[in-house]
Every structure is written in structure tokens, then in C-alpha cells.
Colleague: 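One structure coming up, written as C-alpha cells, with questions to follow.
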There are 2 protein chains.
Amino acid sequence: MNAQLANWDDLRVFLAVARAGSLSGAARSLGVNHSTVFRRVAGLEETLGVRLFDRLPTGYALTPVGEETLGIVERIEDDVTALDRTVTGQDLRLSGTVRITAIDMLAFWLLPDHLRRFRETHSGIEVEIVVGNEALNLSRRETDIALRIGNTPPETLVGRKVGQLEFAIYGAPDYCAAHPGADLAQQDWIGFDSAHAPLTRQLEKLLPGMRPAVRSNSVACAVRLAKAGLGLALLPCAIAELKPDLIRVAELPESFGLDLWLLTHEDLRHTARIRAVLEFLTPALAESLKKCTKGPEI
Amino acid sequence: MNAQLANWDDLRVFLAVARAGSLSGAARSLGVNHSTVFRRVAGLEETLGVRLFDRLPTGYALTPVGEETLGIVERIEDDVTALDRTVTGQDLRLSGTVRITAIDMLAFWLLPDHLRRFRETHSGIEVEIVVGNEALNLSRRETDIALRIGNTPPETLVGRKVGQLEFAIYGAPDYCAAHPGADLAQQDWIGFDSAHAPLTRQLEKLLPGMRPAVRSNSVACAVRLAKAGLGLALLPCAIAELKPDLIRVAELPESFGLDLWLLTHEDLRHTARIRAVLEFLTPALAESLKKCTKGPEI
DNA sequence: AGGTGTCCTTGCATGAATGCACAGCTTGCC
DNA sequence: GGCAAGCTGTGCATTCATGCAAGGACACCT
């Protein structure tokens, strides 16, 4: 057996420091004390007999041999992650943790009630909601399930379209009273950033050249901004209709909706607890979205 | 960060058990207590949520998911070994351990005196001699330096031919007195196994169809067998000439010698301590082999 | 110049990992 | 059938890795 490197786990610590650029940052990402990281890195350098990092006042920077090491350790990490997916995919226990990621809007308003009901029948499964407006990486197991809007999923992800989110224009009652008139181009608007490109494009199409008074990467934040009277916003009916302090200002000239997908990684689809969550949420979300559509149908 | 597998080093323990086929065997190869291995494997299976091994009375056998895991972990081990070679190759310290492997004959009689002198000038470097009659793998860092007879080295190994071992036929004085006569075919012979194919082939060529009375994988053992009077043996002059209780029986019809190589891995050639050992031994062995040739030169 | 925040490094106490010793089971040999 | 050897599994004592707390250094801002 290899006598030189007797603890492969030191490489995991090395990787964290390389990525964080500091002991403290690595400690935070690893969930350990910074003094532990200090000793682990020092021990690894002693064992290998080389300096992996230069010590700077602002943190740790990779040396050239550290750069070479990083390249190899990233391959190791890829293998560890693949292993993790492979064996987790065969985990038949209906217990443990399932991590779901969704943008804040969906996480706040679509998931909690469903997950409460899910827990009634699967008390052994803990669900962790990861709220984020950046797409987490399922291949790296940053999350187990993703609730995503918009595009068709990447090839390695599997799942179903659980429904469609219809969008309409909403504003606060006070704002609308103070800004009567049907000319949308004369109104103030709440916009989005590049993380919500479909919404941004739709607004641009609706009102060419319109410049929003305020923008956000968070749809939940946009809802709040609208409620605060900063302007009109293009919001999903399923969420906005739940808000008595938001009123639908106008229909879009043509119907605009985005697909909502429930996704996991190909290797995890057979993991019992992940499968259980997917099988519960798919019909539940579909039912929710069916009820919450724009306006009464004739 | 990967929350599922928080200790990569458990994979190193898994690998040892997979290869040894038992907790006890893995404990021996890892140099830890078997109860430690027991707990590490149990912990890994708990973390991953799968059974990696079937428990048998005779040891541990891989389950199907264990087989899949083994495939991935072997890739990880290859990366760890490559990393080890890469960084060890840049280790500039003249301290630490250098491992040399050689067959027993060479290890016993060629290395000790040279290494004693080496230590006089490099007291910080510890040398470990790994005696074995199987070729250890330098790519996997089972050894740092190999002293090898015979073939030109594989492409990834670098080193020099330090000399040539001349061979001649030797026997014990008592045996020779009791078996006078020049007909070698009538003599008893001590042979070798497939680990010493060049010697076996040479004997076969010398005496076609000859079947040795006894065979061994160890040249050192063959020397002892010859001294014990079990027959004649084809032995290297550099070693046999040192033995007053072996006499040279006859010259070979044509000179027969094998090259002796001092080799290391391409990635390790710049490791300071390995380089120091090579630079000392190369001329020292060459000098030794120059002195020990068959018979006095005219 | 002083205050704040971030960083690294180290000594000491604590808890987790490990080794030790033991027990039990199975297999193979005589 | 008895014995030896190999194996797994567990309780308790020991060792070592880790966290805590403290100190020092540096950069940035006022």
C-alpha cells in the first residue's frame, strides 16, 4: 500500500482550501474549525514533502506544485461524486435526507404545504430545501432534486414537466389607483436579472425599450416590490393570486407561460427516498398548478 | 461540498478489504487493528446506505454494488498514486525514506556494504530494502528503486545498466568429490522457477532435457542448496566467488551474463533523496561488479 | 492614529477514533 | 472428536484529532 499518502481525506481538505483561497473559507465550507484545516494542510505538506500553498496575509495561494495537485484532486473528486451517485442510487432505505432546490418564489409558496403533507406519510425522510436563484449542480450532488422553470432539462437529468406557470401583470392597489390608465408603457416596472432571462425577454417583447425602475434576481423580492408600490411586475398567477394585496392589472396580449420541471440526476432516480419525494410531488404540484391559472375560464 | 461521503479515506480502507478479502487481511496490509477496519467499513456502509460486502465465515466478499464501487475506487487510487509520484518527484529534502527492491541474492550480498557507506554521508536518508522475488510495481510506488536483472526496462522506468552479472557452474566441494567427471549431463542440478526465466533457459540450452533435482524461486536458496550438496547450480560469480564452500566446477561453453539495472520511475527521478541513492549506488555497484568476474583475467 | 474585520498560528481541554483483550464461530487437519 | 488457525464482532482503556480560546499580523476605512 502507498506509504506516502496514508490519509486520502487530506486531499478533500486541500481541495477546499484551494477553492476558498483561505483556511477560514475552507473551514466554513467544510464545517470544521479553521485550526483543524490549518493542521490538516500542514500535515499533508509534511507528508508529501512539498509546499502546496504560499502563505499570504489575505489567505493561501497555490504554488505551482499545488496547481498540479489541484488538477489531480479534481479528478479524484469527480470519481468520488460519481461513486456517491452510483451507490446512493441504489440506496433502498426510506430514510435519510433529500435536498430540493428551487428559486425562492417556488420554495416559499409551492413546496411547504406539499412537503408538510409528504412528511405525514414519510416521517423517516428529511427534506432540506435549498433556496437559491442560481442553478445548483445535480451532477455534483449539490442537490438531489431541482424544481426548475423554463428550459428543457440537460441530458443527464431526468424528470417530468409538472405543469405550467401562467404569468400576468400585477400591481399593488394603491399603485394602480395612483396610476390609472391602460398604457402599460407609461407605467413603472419591476424587472429581473439574467437569472430570469425568459421573464426579461417577455417584458422586452411586450414593451420594447422599457427600462425597469428596479430589478432583482429574486421573484419573491419582485413580489414584495410590487406590493410596496414600486410598479407593475410580470408574475406567475399561481403565486400572485394568493396575494390579496396584489391585483391583476391586465392580461398579456398573448398568453405567456413557462414550463415547470421536477428533475433529478439519472443515477439517483432509483434511490428510494428520492423516488418517494418525486412520486409524491409530481402529482401534487400538477394539481396545484391546475387550480392556479389566470382568470376564470369562460 | 459532498455531504454524502465526508471522509474519502474510508475508500482507502474499503479498497484494502476488497483486495484482502477479509478484515484481518486488510488490517495487516493497512497496519491497523482489525477492529478499526471493521468499524471503518461499517461506517462507510452506513454513510452510503448500501451493503458493500457480504459477511462470510471466511471473510468479506464484495456485493454487486461493492464491485461497482471497487471499479471507481481503483480509478481514485490510480489518481492518488499519480499525485504521489508527481509531488514526491518534487521533494527536495535529503531526508525521509527510500525503498529499494531486489531479489534476495542481490539484497543480501550487493546492497548492505554499499548502503552502510551511503549512510555515512547521508545519515538523514533512511533506506528500506524490500526483498522479494516478484517484481514490485514502481508505477504504484510499491518501491522507489528497483535493482533488476535481465531485460531492458519498461518505458516508464528510467535508470542505468550498472554492470553485468557473469554466471558459472558451482558446487559444494563434498559433492564434487563424490561426483567426479566432466559430463555435466550426469550431474544433479539445482534449477529455478519462472521468476528466473533467463537462468532456466540457459540451463535448458546447456543441457537440453535436463530435469533439476530441486528447484527454487530464490537464488539465495539455490546457493544454500548447492552448499548443502544437492547438486550443481548456475550462479553469479559476483556472489558465488564470495563463498569459500562453493567451488567453480566448470566454465560455460560460452560466456553467459545478465545485465543488472538500477531503475526508478520517471516521475521520481528528481526526488532529491532518491536521486542521491541512485547517484551513489550506480558507480558503487559498477565497481563491485567489475571486481567480481569469472576467473582471473590474463 | 485608531478601530474594525479578516486572516493565521498555537496551547490546552474534550471527545472521537483506535488498539487491546476477549469471546464466539467456522474450517481444516490429525 | 479435539485442536489449531483463521476469521468476525464488541466492551473498555488509551491515544490522537479536533474545537475552543487566545494572541498576533495585516489591510482597509474613518
Side-chain angles (χ1 to χ4, degrees), chain A residues 1-63 65-67 69-70 73 80, chain B residues 1-63 65-67 69-70 73 80:
Chain A
M1 181 55 70
N2 185 352
Q4 294 298 315
L5 184 51
N7 184 355
W8 292 1
D9 202 56
D10 285 341
L11 299 177
R12 194 174 57 88
V13 175
F14 161 83
L15 185 61
V17 177
R19 285 179 172 155
S22 70
L23 300 175
S24 308
R28 283 190 292 271
S29 70
L30 293 169
V32 298
N33 196 269
H34 64 278
S35 59
T36 298
V37 180
F38 173 83
R39 294 194 199 95
R40 293 284 294 273
V41 169
L44 179 61
E45 288 181 325
E46 178 65 23
T47 295
L48 294 177
V50 294
R51 286 287 289 266
L52 298 170
F53 297 100
D54 287 321
R55 276 74 167 155
L56 307 177
T58 49
Y60 274 33
L62 286 164
T63 59
V65 65
E67 296 278 2
T69 303
L70 178 59
V73 176
V80 171
Chain B
M1 181 58 69
N2 186 350
Q4 295 296 315
L5 184 52
N7 184 355
W8 293 0
D9 202 57
D10 285 341
L11 298 178
R12 193 175 58 88
V13 176
F14 161 82
L15 185 62
V17 176
R19 285 181 172 155
S22 71
L23 299 175
S24 308
R28 285 190 292 273
S29 71
L30 293 170
V32 300
N33 196 269
H34 73 274
S35 59
T36 299
V37 179
F38 173 83
R39 295 193 198 95
R40 294 285 293 272
V41 169
L44 179 61
E45 287 181 324
E46 177 66 23
T47 295
L48 294 178
V50 293
R51 286 286 288 265
L52 297 170
F53 297 101
D54 288 322
R55 275 74 167 155
L56 308 177
T58 50
Y60 274 31
L62 285 164
T63 59
V65 65
E67 295 279 1
T69 301
L70 178 60
V73 176
V80 170

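Here is the naming used below: chain letters follow the sequence lines, and residue numbers restart at 1 for every chain.
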Colleague: Send over the distance from A/Asp54 CG to C/dC8 C1', rounded to a whole Å.
Modeller: 15 Å

Colleague: Report yes if at least one side-chain N or O of B/Arg40 is closer than 4.0 Å to OP1 or OP2 of C/dT18; otherwise report no.
Modeller: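 Answer is yes, contact under 4.0 Å.
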
Colleague: Whole Å only: how far is the CZ atom of A/Phe53 from the P atom of C/dT9?
Modeller: 12 Å

Colleague: Show the distances under 3.5 angstrom between N or O atoms of the protein and N or O atoms of nucleotides 2-4 of chain C.
Modeller:
none

Colleague: Apply side-chain hydrogen bond (donor to acceptor under 3.5 Å, both in side chains) to A/Thr63 and list each qualifying residue two or more places apart in sequence or on a separate chain.
Modeller: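 Counting only residues at least two positions away or on another chain, A/Thr63 forms no side-chain hydrogen bond (donor to acceptor under 3.5 Å, both in side chains).
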
Colleague: When you measure from the side-chain N and O atoms of B/Ser22 to the phosphate of D/dC7, is any distance below 4.0 Å, counting only OP1 and OP2?
Modeller: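 For D/dC7, OP1/OP2 do have a side-chain N/O of B/Ser22 under 4.0 Å.
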
Colleague: What residues, two or more places apart in sequence or in another chain, satisfy side-chain hydrogen bond (donor to acceptor under 3.5 Å, both in side chains) together with B/Thr58?
Modeller: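 Expected list: none.
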
Colleague: CD of A/Glu45 versus C1' of C/dC8: gap in Å, rounded?
Modeller: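 Atom CD in A/Glu45 sits about 13 Å away from atom C1' in C/dC8.
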
Colleague: Check the interface with nucleotides 19-22 of chain D: list each N/O to N/O pair with the protein under 3.5 Å, or write none.
Modeller:
{"residue": "D/dG19", "atom": "OP2", "partner": "A/Asn33", "partner atom": "N", "Å": "3.0"}
{"residue": "D/dG19", "atom": "OP2", "partner": "A/Thr36", "partner atom": "OG1", "Å": "2.1"}
{"residue": "D/dG19", "atom": "O6", "partner": "A/Arg39", "partner atom": "NH2", "Å": "2.7"}
{"residue": "D/dC20", "atom": "N4", "partner": "A/Ser35", "partner atom": "OG", "Å": "3.0"}

Colleague: Would you mind classifying the nucleic acid contact of B/Ser24 as base, sugar-phosphate or nothing, using non-hydrogen atoms under 4.0 angstrom?
Modeller: base

Colleague: Could you give all pairs that pass the salt bridge (Lys or Arg N to Asp or Glu O under 4.0 Å) test and reach residues 30-43 of chain B, with sequence neighbours left out?
Modeller: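 Only B/Asp9-B/Arg40, B/Asp10-B/Arg40 qualify under salt bridge (Lys or Arg N to Asp or Glu O under 4.0 Å).
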
Colleague: In whole angstrom, what separates A/Leu30's CG from D/dA17's P?
Modeller: 17 Å

Colleague: Output every pair passing salt bridge (Lys or Arg N to Asp or Glu O under 4.0 Å) with a member in residues 41-50 of chain A, not counting sequence neighbours, ordered by first then second residue.
Modeller: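 Found A/Glu45-A/Arg55, A/Glu46-B/Arg93.
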
Colleague: Please enumerate all residues that pass side chain to side chain contact (heavy atoms under 4.5 Å, CB included) together with B/Ala27, with sequence neighbours excluded.
Modeller: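 By the side chain to side chain contact (heavy atoms under 4.5 Å, CB included) rule, B/Ala27 matches B/His34, B/Val37.
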
Colleague: Please name all residues satisfying side-chain hydrogen bond (donor to acceptor under 3.5 Å, both in side chains) with B/Asn7, sequence neighbours left out, ordered by chain then number.
Modeller: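 Per chain and number, B/Asn7 pairs via side-chain hydrogen bond (donor to acceptor under 3.5 Å, both in side chains) with no residue.
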
Colleague: So, OP1 or OP2 of D/dG9: does either fall under 4.0 Å of a side-chain N or O from B/Tyr60?
Modeller: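 Checking D/dG9 against B/Tyr60, a side-chain N or O does come within under 4.0 Å of OP1 or OP2.
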
Colleague: If the condition is ring-ring contact (aromatic ring centres under 6.0 Å, His included), which residues does A/Phe38 pass it with, not counting sequence neighbours?
Modeller: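 None.
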
